[in-house]
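Within every chain, numbering begins at 1; the chains are lettered A, B, ... in the order of the sequence lines, protein sequences first and strands thereafter. Only this structure's heavy atoms are used, side chains among them; waters, hydrogens and symmetry mates stay out.
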Amino acid sequence: MSNRYNENKLVVFNTLSRKKEVFIPLKNPHIGMYVCGPTVYGDAHLGHARAAITFDLIFRYLQHLDYKVRYVRNITDVGHLENDADEGEDKIAQKARLEELEPMEVVQFYTVRYHRNMDQLNVLRPSIEPHASGHIIEQIEMIKKILDAGFAYAVNGSVYFDVEKYNQSYHYGILSGRKIEDLISNTRELAGQSEKHNGFDFAIWKNAEESHIMRWPSPWGDGFPGWHMECSAMGCKYLGDQFDIHGGGMDLLFPHHESEIAQSTVANGKAPVRYWLHNNMITLNGQKMGKSLGNAMSLDDIFTGNHPLLEKAYSPMTIRFFILQAQYRSTLDFSNEALQAAEKGMKKLFAAYETLNQLKVDMNAPPMGVAEIRKACYDAMNDDFNSPMVIAGLFEAVRLINSLKAVEGSLLPDEFELLHKLLHDFLIDVLGLSAEDVAGDHGLVDGLMQTIIQLRQEARGRKDFTTSDLIRNRLGDLNIELKDGKDGTDWQMK
RNA sequence: GGUUUCGUGGCCGAGUGGUUAGGCAGCGGUCUGCAAAACCGUGUACAGCGGUUCGAAUCCGCUCGAAACCUCCA
């Protein structure tokens, strides 16, 4: 029995080489994947959704290919500094101060909300979701290793990574394409009277001021871990010194991932990651959507339609479909028009999935090329997870289904099965889309609807169009759409 | 300024050295009591200017325009 990964040669775009590379796991069939998760100090917005959905798609597809995936996505609840390191205040702590809450209360509050949003988007939970605050010891141990290796220095209770020294033996900039000379010229002014030897050195442990509430004891005094330590430490802990995939948003490429590579390389003696994958940004009027720019929309805003820029509410599945309609490395531009197009398209997709069950099967039916569509979907996914092309393939299946229904044609039994499998595998399993209240499969409701539809049919038979139109209009007011066909009437939620 | 990208028809978005992406919207038709849905048909798109080539939207150069990163950020 062969596994699907033997039949499918997966190619991924590796940021490290800026090329598409054939994906070969270190320990086939096991795959380790680490993705940077959210900093839980605010509600999730569209950008979080894109990152989560991108790597959910990858997680789902790798599993579909029969790989055994350990997917680690962290929760950042300490460490990221708000301003320059010297007077930085922990992001979580700052929020806590403002709202007079315990920092961990803030963390819990937004973590729960994040999970709820991700569930709504049908994003699978990762295999492990470690919190930075729960891995202080691991981070301290790693900092010690970096110090022992001579690539960091301690000053006044803080520890800084020595980028210049690192660059003598390795290449700081290997991921982002930056040159250290450029960094020097860019950061010289900022360096000032800093504790750092160089402006571009970064803190791996930060001394906590008296007033700082989030603090842990360490060999260098009370403090908290630096920006990039948690991912290095937790990635190493759960996936090993070297693992297959590391993902995150493109905005994390520098300095976060660049620094992660430096830390892990020094601490473990080898480059930590084989394939670096980065999802692109969602833009609004061509500009990145982001908290700091004040143009970010929370997912709850979108799901409820509660935002000045929104013409209406958009369901989680509409958002998911919208995001999957673009390849993950492209920017994706937000607009009401685009969202409404996505909404309609997705409903059409699911309506056809329902219609499939009504198709007739016949041993003598002409072949319709279902296998070719299926192959196109695999080819698309194997080419750096090209979900828009998968969706195009699925729409080909939609056209096939609807046209057969329209002419009352039939399918070969094998193709009928394969079509079912195609839609189930790709639409449901890989793309992770699920029918919302689109189709009429609600048991009691469906039974009631059949009665109403029958009454309307009888009215139409009597040419009592006043009654039949009244029924249709009243149902329309309830967002129920009637679809008259050759052999009867179907219904669905609008 | 440096680094990394991008510029595709009304909108969103794939793709790519020669063959229809796809969705939404529009237009024409079929069906329908009328609609809707569905089906069929329908688009002189690839920023501009040069170059390479039998052939480029796809490769190269330049110009113009836009973005991300260089500070926390998906």
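Dense packing is recorded around CZ of A/R116, with more than 12 heavy atoms of other residues, nucleotides or ligands lying under 6.0 Å away.
Heavy atoms of A/D490 sit nowhere under 4.0 angstrom from any nucleic acid atom. Residue A/H45 is classed as a base contact, given a heavy-atom separation below 4.0 Å to a base.
Between A/P255 and A/A49, it is A/P255 whose nearest contact on RNA chain B lies nearer the 5' terminus. For the pair A/Y328 and A/K344, both in contact range of RNA chain B, the more 5′-proximal nearest nucleotide belongs to A/Y328.
The A/R18 side chain lies nearest to B/U5 when the options are B/U5, B/A14, B/C12.
Taking a pair as Watson-Crick or G-U wobble with both distances under 3.5 Å, RNA chain B forms stems of 3 or more consecutive pairs at B:1-7 with B:64-70, B:10-12 with B:22-24, B:26-30 with B:38-42, B:47-51 with B:59-63.
Here, B/G10 and B/G50 have their C1' atoms 31 Å apart, quoted to the whole Å. Straight-line distance between the P atoms of B/U3 and B/A47: roughly 24 Å, to the nearest whole Å. Separation of the C1' atoms belonging to B/C59 and B/U53 is 10 Å when rounded to the nearest angstrom.
Taking each heavy atom of A/R178 and A/H171 in turn, the nearest pair found is O-NE2, 4.0 Å.
Spacing between atom NZ of A/K347 and atom P of B/A25 amounts to 13 Å, rounded to whole angstrom units.
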Going 5' to 3' through nucleotides 30-39 of chain B and flagging B where a protein heavy-atom sits under 4.0 Å of the base, S where only the sugar-phosphate is that close, and - otherwise, we get --SBBBBBSS
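Contact check for A/Y314 versus A/N336: side-chain heavy atoms found under the 4.5 Å cut-off. Looking at A/N117 and A/F303, their side chains come closer than 4.5 Å, going by heavy atoms from C-beta outward.
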